[in-house]
J.: 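Would you mind keeping the following structure in view while I ask a few things?
Naming convention: chains lettered A, B, ... in sequence-line order (proteins, then strands); numbering from 1 in each chain.
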Protein chains: 2
Amino acid sequence: MTVTLADVAARAQVSPATVSRVLNGNYPVAATTRERVLRAVDELDYVLNGPASALAAATSDLVGILVNDIADPFFGIMASAIQSEIGGPGGRAGGERLAVVCNTGGSPERELTYLTLLQRQRAAAVVLTGGAVEDAPHAAAVAAKLRKLADAGTRVVLCGRPPAPDTGAIALTFDNRGGGRELTEHLIGLGHRRLGYIAGPEERTTTRHRLEGHRAALEAHGIAEDPGWTVYGRYDRQSGYEATLELLRRDPSLTAVVAANDSVALGACAALRDSGLRIPDDVSVAGFDDLPFSIDAVPSLTTVRLPLAEAGARAGRIAMGREDAPPGGIATIRGELMVRGSSGGPRVS
Amino acid sequence: MTVTLADVAARAQVSPATVSRVLNGNYPVAATTRERVLRAVDELDYVLNGPASALAAATSDLVGILVNDIADPFFGIMASAIQSEIGGPGGRAGGERLAVVCNTGGSPERELTYLTLLQRQRAAAVVLTGGAVEDAPHAAAVAAKLRKLADAGTRVVLCGRPPAPDTGAIALTFDNRGGGRELTEHLIGLGHRRLGYIAGPEERTTTRHRLEGHRAALEAHGIAEDPGWTVYGRYDRQSGYEATLELLRRDPSLTAVVAANDSVALGACAALRDSGLRIPDDVSVAGFDDLPFSIDAVPSLTTVRLPLAEAGARAGRIAMGREDAPPGGIATIRGELMVRGSSGGPRVS
DNA sequence: TATGACATAGAAAGCGCTTGCTGTGACGCT
DNA sequence: AGCGTCACAGCAAGCGCTTTCTATGTCATA
């Protein structure tokens, strides 16, 4: 039914071994023979059997990319950048690799299952993006899995995720703490003293780090934080909307709202507007990530730009072994404060 | 080095065949034996060799998803929905499948290469999302590839893409023409007579259909279109920004701008604002897709909502054989006009 | 002319799994 | 008691490719 290597070999009047070598180009084959083989491949419309090849060669051309939420541009942008580097069609030489983007939905179980699936496929590399879940048993399970993957020869890269010690994984970490701190210091500098914070899911490292940065800034400026000023939620718009209403209910005197990310900030803006408050005249708003739409908010969003595409591209190159790992296997990537229209001085109460 | 089926078999004191059957659950195995095998699997931390399994069984558990731009939520949302349905971790029963999301960047060559790669992996199913490129030779090449995939037993589903006749592919098509028409009729109904149109890339079916709908509406209302009222671009914000400036230069008397999608519309809004024009008082703006951020634009965007998640989910189910194909293998999915703040009556000139 | 050295091609042994076919006891039936 | 049935389990033959090792012809060198 389907065309096999042997068929091509027969047609080209050579042995299967020769066909394989022509296809892989890793062994000298006379030019005329190569021609003949390639013609046969073409005429028969032969397509290599991936599984068979992977089995025999004990390697595959699959690269896994784990993301928390593929529908979120934060991950989409990184995934896109990673994929553009791992080759595949359009990429540079070095064999075509297939990117497997896996959507974990932020669930640790799924993350593990996907890692197993990738291990099963003998993936050439795996890139894990975004914050990790802090639950200890799961973290340990993931770490064990990563170690196993690394042992099996799969290159493991973390992109936008804290390092996983003793796993052999290369980490490209975002400086969420520093960014969070800088952002809040900017607001404090404008004169704000009563700042609400809309955090992401509580057990996520990203959430914690950004919040820590925020609190560090408060502390550094002698601002005592009211526990009611922090609300946890999800990393989406709706969560930001609801959390903002809650924040307003708890303390209507807040003059600024710092959001866990831009989507949340957008929700916050909507909630503020719906509550009859002006931005930034009545309340300033700040986001995080600087996703493409953030500049189009009205007023445009003050936020911390994370070089997602650059980080993804670098992670991709490292995963492909085309770039050296950073010293110590860990690199911290800083964000850049983008001051825009959504932040201003506090209203005079 | 790595644990194989045989190792597990030895440990459980059964034959490899039995282990395989326990793992696949497709053959009666005595409960006690199964127990023993599972324990051995656990103790040895055995992970099935995917390629070997795929080779022997002549099927794989990979499902391909082709998207034009993974960083664009339009595709991210569909991909997410598809993936949630094709099983994988967290999905329902029926074996765990790995979703391979492939970023074509809208390039036909890449699309073809990815299809070949998926064919090579003997993918269980392939879902192609988004508009197709209209270049005849490429369309034919893609069609041929799809036919071959279908012949090889791979289920092929098109999601948000026009049907591909004679390929055996199931098509879930968006009614871009109808949506485009409805949108423009809404604007005409508000009194607009001079409407600019910012189209996507010229050779894309989505672009053509939406534009056709727009023109059909104009024609139905006896509005003669000025050729200068249409500008082609890309499906992104920047393109919308630039195109709007161009439109304004060509005809400052336009009272409405219809964009190819929401991102473009956002860029249009920014350009209008930067030109000192108010929305919708001076110029109305309309988008397409109703992505999550569209409601947060100020004013919120009038657009056509496409049920991306629903369509993706359905495509996923069909790909998995868990839902019947629509009659004739083709289903048209309609959009819903969302009238919001960015559209209003034209200014009185 | 003899002799390595080299370039190229083939034979064949797997890679680790699935599955059709072949036992083999245990049962229930006549 | 005799025999067909059935539920399990194992044997062994591949699945289609890669790769080691070996064979062969060709050159340049001694």
J.: Between L5(A) (CG) and dT18(D) (C1'), how many Å, whole number?
T.: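 Going from L5(A) (CG) to dT18(D) (C1'), I get 9 Å.
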J.: When you measure from the side chain of R122(B) to the backbone N and O of G50(A), does any donor-acceptor pair fall under 3.5 Å?
T.: no
J.: Atom CG of L55(B) and atom P of dA13(D): how far apart are they, to the nearest Å?
T.: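 Distance, rounded to whole Å: 17 Å.
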J.: Taking only nitrogen or oxygen atoms into account, show me every contact under 3.5 Å that the protein makes with nucleotides 4-10 of chain D, one pair per line with its distance.
T.:
from    : atom 1 : to     : atom 2 : distance (Å)
dA9(D)  : OP1    : T33(B) : OG1    : 2.4
dA9(D)  : OP2    : A30(B) : N      : 3.0
dA9(D)  : N6     : Y27(B) : OH     : 2.8
dG10(D) : OP2    : S15(B) : N      : 2.8
dG10(D) : OP2    : S15(B) : OG     : 3.1
dG10(D) : OP2    : T18(B) : OG1    : 2.8
dG10(D) : N7     : R21(B) : NH2    : 2.7
dG10(D) : O6     : R21(B) : NH2    : 2.8

J.: Which residues pass the side chain to side chain donor-acceptor pair (under 3.5 Å) test with T104(B), sequence neighbours left out?
T.: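 Listed in chain order: N68(B).
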J.: Between H138(A) and E109(A), is any pair of side-chain heavy atoms under 4.5 Å apart?
T.: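 A side-chain contact exists here, since the closest heavy-atom pair is under 4.5 Å.
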J.: Among residues 39-46 of chain A, which residues get a heavy atom nearer than 4.0 Å to DNA chain D?
T.: Y46(A)
J.: Can you list everything that forms a salt bridge (charged side-chain N to carboxylate O under 4.0 Å, His left out) with E203(B)? Sequence neighbours excluded, please.
T.: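 E203(B) satisfies salt bridge (charged side-chain N to carboxylate O under 4.0 Å, His left out) with no other residue.
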J.: Extract, from 5' to 3' on DNA chain C, the first and final nucleotides lying under 4.0 angstrom from some heavy atom of chain B.
T.: dG16(C) to dC21(C)
J.: When the distance from CZ of R122(A) to C1' of dT18(D) is rounded to whole Å, what number comes out?
T.: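 Taking atom C1' of dT18(D) as the reference, CZ of R122(A) is at 17 Å.
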J.: Is there side-chain contact between L115(B) and V142(B), with at least one heavy-atom pair below 4.5 Å?
T.: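 Yes, at least one pair of side-chain atoms sits under 4.5 Å.
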J.: Suppose we screen for side chain to side chain contact (heavy atoms under 4.5 Å, CB included). Which residues come up paired with R317(B), at least two apart in sequence or across chains?
T.: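 With sequence neighbours excluded, R317(B) shows a side chain to side chain contact (heavy atoms under 4.5 Å, CB included) to E85(B), A313(B), R314(B), R322(B), E323(B), given in chain and number order.
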J.: Yes or no on side-chain contact (heavy atoms from CB on, under 4.5 Å) for L308(A) and F75(A), after CA distance, side-chain angles and deciding distance?
T.: CA-CA 8 Å; L308(A) 300 177; F75(A) 293 101; over 6 Å; no
